[in-house]
Undergrad: 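Right, I'll just put the structure down here and ask away after.
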Amino acid sequence: MNIQFRENQEAASPLTVKTAIADCDIHPARTTHTELYPYLAKRWQHHLEVYGVHAYQGMMEGPPYPKAQPNASRRDAYPPEGGPQGSSLAFMQKQLLDPNNVQLGVLNPLNTGQGIRNHELSAALCSAINDWQIDKWTSKDKRLKASIVVGNEDGLSAAAEIRERAGDKNFVQVLLLSRNVEPLGQRRYWPIYQAAEEAGLPVGVHAFGFGGNPITPSGWPSYYIEEMVGHSQCQQSALASLVLEGVFERFPKLKMVMIEAGFGWAPSLAWRLDKAWQRLRSEVPHVKRPPSEYIREQVWWTTQPMEDPERREDLFDVIKWIGWDKLLFATDYPHWDYDEPSRVLPAGVSEADREAFYLGNAKKLYGLN
Amino acid sequence: MASLIAGGIDCDVHPAVPHLTSLLPYLNDYWRDQVTTRGMVDLISQSYPQNSPITARPDWRPETGKPGESLEAMQRHVLDAFRLECAICNPLYGVQMVFSEDMQAAFCRALNDWLAKEWLDRDPRLRGSIVIPTQSVEKAVAEIERCAHDKRFVQVLMLVMGDTPLGKRALWPIYEAAERLELPVGIHAGSAYHNPPTAVGWGSYHIEDYVGQAQAFQTQLTSLIVEGVFAKYPRLKMVMLESGVSWIAPYLWRLHKFWRGVRMETPWVDRAPLEIVRSNIRFSLQPFDAPPEPQTLIRLFDHMQSDELVLFSTDYPHWQFDGQDALPEGLSPDLVRKIMIDNPHATYPRLK
C-alpha cells in the first residue's frame, strides 16, 4: 500500500526476466501547466489564464480533500529531470515499464477536461489531452495505449470526439469518471455509449471526478479517507444506474471497465440488484434479464487497489464469483496506493488464471495480440 | 431453510401510522392547528411507496389501509407465527423529511407517544425505538431523555440518509446520551431526501433508491469509524437495520486497507476498523441480499469472521422472504441461536 522509500531500488530488482504483464491503469501527467497549449485554440489558452477551469467544486486548483502526499503519488516517482510524478516517459520506462515487463500499458489521464462546468472548454481540453497522449506517449513507446478522454457532461460532443478517434490504433478505450452531474446510466450519457459501441471500444469508468453531488447520500464527509473509500460506493451507484436504466440492454455489445474502485463489492451488488429486481421489475421493464447477467457479461474490473482481507483466500472466493476472466491487472502508477505486480497474487493460483489476470484478459478485451 | 426457534427477538418490525391525523391527539394545540389550517398531507416517504411490492408481502398486505397499521395483523403474522419473545418497533413514518426543526421535533414527539400508547401498551412483547429530530441535536437529545424513562424504548432510531454524515461531531451529544442511557442507536434504511439518494446524484427509479441503501450504509460506517465516535463512546452500540449483509466483509477489507495507508489523517481512531465493527456494530438479518446457494452463504458468513454481527429480523411487513423462510439455508443451529436470541440480548441491554 503506502510506499516505503528505498534508496537503492535498482539493486533490489531481480535480474531474472519477469513474465509479461498488462498494466491497465497508468496516469500520465503534464510537466508544466502550459503543456496542452499547443493543442488549444488561443481563446481557450486565454480563458484558462483568466478564469481557470471552473470545476464542479470550489478550489481553483487542487482537491478539496487534500491528498495524503503530493499529487497522491509515490515520493520515489519524481523524475530526475524535474516535473511531477508520472510526467516523464523516460522515467516511467525505467521505473515501471521495463522492470515489470509491461507489454501493454493503458493510459488514463486525470485532471483533464472532465468534471468542469463550461462544457465547450471541457470538449476542447479533452481533445487536447487526446492529441497530447499520442505526441508525448503512445507515438514514442508502442507498449503504451491511450484512452479517449471525452467531455462527459455533453454526450453529443463526447460522441463526436469518439467518432473522430475511432479506428486510430493509439486508442484502446473511452474514458469516463464515476462521479458526474447525474448517475452514469442517465440518457444524457447514452450518445457516449452508442459511439463507443459503434467504434468497438470499451468504456472505462475510472473512480473520481466531480459532478457537484456530495460524496455520500448524507452530505459531505470530513476526510480524505472517506473520499477514498467512498469511491467504491460511487462506483456501485454508477453501475447500478447503468444496469437499471437499461444501458447494457440497449447497447448489448458495449463493454465497460470499472477502474480503480475495487471489485470485492461486485458480487454483493449483483446479488442485491437481482433480489430487488425480482420484486420490482415491473418498474423497469426495459431491464429484461437479471442484473447480474449483464454485469457478468459486459463488465470488467481493474484490480488495484486490491481489497485486503486478513485471510487472503477470502478474496479468491470473491474472484471466483466474479470470474477470473474479468479481472485486469493494474498498478495505478505513479499513485501512492500502487499495487506491486509481484506481490498481489500468492502461490496456488493456476497458471492459466494467473496469465489471464496479468495479461490475457486485457489483450483480449482491448483487441491486441 | 434453517429451522426457527422459539423465543427469538425480531429486531426490525414496522408499525405504520395510518395518517398524519392519527398523530393529532399527540400534538399540542399549536401543531394541531398548523396541521389542519395548512392542510398538511400524510408523510409517506418515497423510500417505501405504499403499493410497492417491497413495502408489503402479498399475504401481509391488508385489504384496506397501510401495511403494518394493524396490531392484530402484526400479532398474527409475526409475533405469534414466529413465536417471538419480543419485537422492536421501528416506525418509518416520514417525519425526517420536513425541514423545520420545530415541526420535526413536534412530529417525533407525537410519533413516540403514539407508539407507546397504541402499540407498546397493547402487547407486552413489543419494544420501541425513539425517533429523533436530527435537524436539532439539542431537541434530539431532549427527546431521547424524555422517552428513555420508559424502559420499553430500547434504542434510538435514525435514518441512514440524513442531512450530514452520521459521524460528524455536531451529532455527538446524541451518541453521548444514547451511551449513557444504554440505548443502542439503530440506523435504518431510508432517506430524508435532503441530499441526492446516491453519491452520484438522483437516479430515476424506486428500485435504484432501494439498492442504493447498501452504499449509504457503507459511507455511514466509514464516517462513524473515522470521525472517532467509538473512540469517544466505546460502549455505544449501533445497529444497521435493513442494511443488507453481503457487502459487509468486502467493504471492511477496503476500509481497513485505506485506514492502514492514511491513518495519520485520523490518529484518534485507536483500533482497526475491523475490530471496531466487531465490537460496536451489528446488522439486522433481512433483507438477506445473497444468492440462495448454501455454499455461498456459508462462505459469506465465514468472511465476516464473527458470529456476533447479525441480529434476527423479519422486516415486517416488507417483502423480503416468503412463508416462514426468514433464516437463509445453511445456518448451523448454533448460529441460529446466536442470531435469534443471544446476539440481540447482547446488543440491547434494556431487553432484560
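These figures come from a predicted structure and were not determined experimentally. Quick note: numbers below take in every heavy atom, side chains included, and nothing from hydrogens, waters or symmetry partners. The chains referred to below are lettered A, B, ... by the order of the sequence lines, with proteins before strands, and numbering in each begins at 1.
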Undergrad: Is a donor on one side and an acceptor on the other found under 3.5 Å between the side chain of B:Ser47 and the backbone of B:Gly190?
TA: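 No, because the side chain of B:Ser47 does not come within donor-acceptor range (under 3.5 Å) of the backbone of B:Gly190.
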
Undergrad: Chain A heavy atoms under 4.5 Å from B:Ile225: which part of the residue, side chain, backbone, both or neither?
TA: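 For B:Ile225, neither part sits under 4.5 Å from chain A.
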
Undergrad: Can you tell me which portion of B:Arg169 sits under 4.5 Å from chain A's heavy atoms? Options are side chain, backbone, both or neither.
TA: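 Only the side chain of B:Arg169 comes within 4.5 Å of chain A.
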
Undergrad: Could you check whether any side-chain N or O of A:Glu307 sits under 3.5 Å from a backbone N or O of B:Trp253, counting only pairs where one atom can act as donor and the other as acceptor?
TA: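 Checked: no pair found.
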
Undergrad: Which of parallel (below 30°), tilted (30 to 60°) and perpendicular (above 60°) describes B:Trp202 and B:Tyr193?
TA: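 Rings of B:Trp202 and B:Tyr193: parallel, as their planes differ by under 30°.
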
Undergrad: Donor-acceptor pair, B:Arg61 side chain versus B:Pro317 backbone, under 3.5 Å?
TA: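 No, the answer is negative, given that no donor and acceptor are paired below the 3.5 Å cut-off.
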
Undergrad: What orientation do B:Trp259 and B:His256 show, parallel under 30°, tilted 30 to 60°, or perpendicular over 60°?
TA: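 Rings of B:Trp259 and B:His256: tilted, 30 to 60°.
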
Undergrad: So which residue, B:Val211, B:Thr198, B:Thr222, B:Val245, ends up with the most heavy-atom pairs under 4.5 Å with chain A?
TA: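 If we count pairs closer than 4.5 Å to chain A, B:Val211 comes out on top.
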
Undergrad: Parallel, tilted or perpendicular: which one describes the rings of B:Tyr48 and B:His318, with boundaries at 30° and 60°?
TA: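 It falls in the parallel class, under 30°.
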
Undergrad: Side chains of A:Trp300 and A:Met258: closer than 4.5 Å at any heavy-atom pair?
TA: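 The answer is no, as the side chains (C-beta and beyond) never meet within the 4.5 Å cut-off.
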
Undergrad: Residues in ring-ring contact (aromatic ring centres under 6.0 Å, His included) with A:His286, at least two apart?
TA: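 In terms of ring-ring contact (aromatic ring centres under 6.0 Å, His included), with neighbours along the sequence ignored, A:His286 is linked to B:Tyr205.
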
Undergrad: Is the NZ or CZ atom of B:Arg254 positioned over B:Trp247's six-membered ring, under 6.0 angstrom from the centre and within 45° of the axis?
TA: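 Not flagged: B:Arg254 not positioned over aromatic ring of B:Trp247.
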
Undergrad: Sort by residue number and list every residue of residues 207-214 of chain A having at least one heavy atom under 4.5 Å from chain B.
TA: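 Residues A:Asn213, A:Pro214 are the ones that qualify, each having a heavy atom under 4.5 Å from chain B.
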
Undergrad: A:Asp314, A:Val181, A:Thr216: which one forms the most heavy-atom pairs within less than 4.5 Å of chain B?
TA: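 Winner by heavy-atom pair count: A:Asp314.
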
Undergrad: Which atoms of A:Leu184 come close to chain B, meaning under 4.5 Å heavy atom to heavy atom: side chain ones, backbone ones, both, or neither?
TA: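 For A:Leu184, there is no contact with chain B at all, as no heavy atom is under 4.5 Å.
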
Undergrad: By a 4.5 Å heavy-atom criterion (distance strictly below it), what part of B:Ser204 contacts chain A: side chain, backbone, both, or neither?
TA: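 Answer is both: backbone and side chain atoms of B:Ser204 are under 4.5 Å from chain A.
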
Undergrad: Counting heavy-atom pairs closer than 4.5 Å to chain A, which one of B:Leu166, B:Leu252, B:Thr296 comes out on top?
TA: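 Heavy-atom pair counts peak at B:Thr296.
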
Undergrad: Out of A:Phe263, A:Trp265, A:Tyr224, return the one with the most heavy atom pairs under 4.5 angstrom to chain B.
TA: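 The option with the most such pairs is A:Tyr224.
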
Undergrad: For a ring pair (Phe, Tyr, Trp, His ring centres under 6.0 Å) check, start with the C-alpha distance between A:Trp321 and A:Trp271, then their side-chain angles and the critical distance, and finish with the verdict.
TA: CA-CA 11 Å; A:Trp321 293 331; A:Trp271 296 330; 5.1 Å; yes

Undergrad: Given heavy-atom pairs under 4.5 angstrom as the criterion, report whether the side chain, backbone, both or neither of B:Pro291 touches chain A.
TA: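 When you check distances to chain A, atoms from both the backbone and side chain of B:Pro291 fall under 4.5 Å.
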
Undergrad: Check for a donor-acceptor pair, side chain of A:Asp274 on one end and backbone N or O of A:Ser292 on the other, with a separation under 3.5 Å.
TA: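 Answer holds: yes.
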
Undergrad: Give the member of A:Lys275, A:Glu283, A:Met306, A:Glu310 that has the highest number of heavy-atom pairs under 4.5 Å with chain B.
TA: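 Most heavy-atom pairs within the cutoff with chain B belong to A:Glu283.
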
Undergrad: Quick check on A:Glu226 against chain B: is it the side chain, the backbone, both or neither that has a heavy atom closer than 4.5 Å?
TA: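 For A:Glu226, backbone and side chain are both near chain B.
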
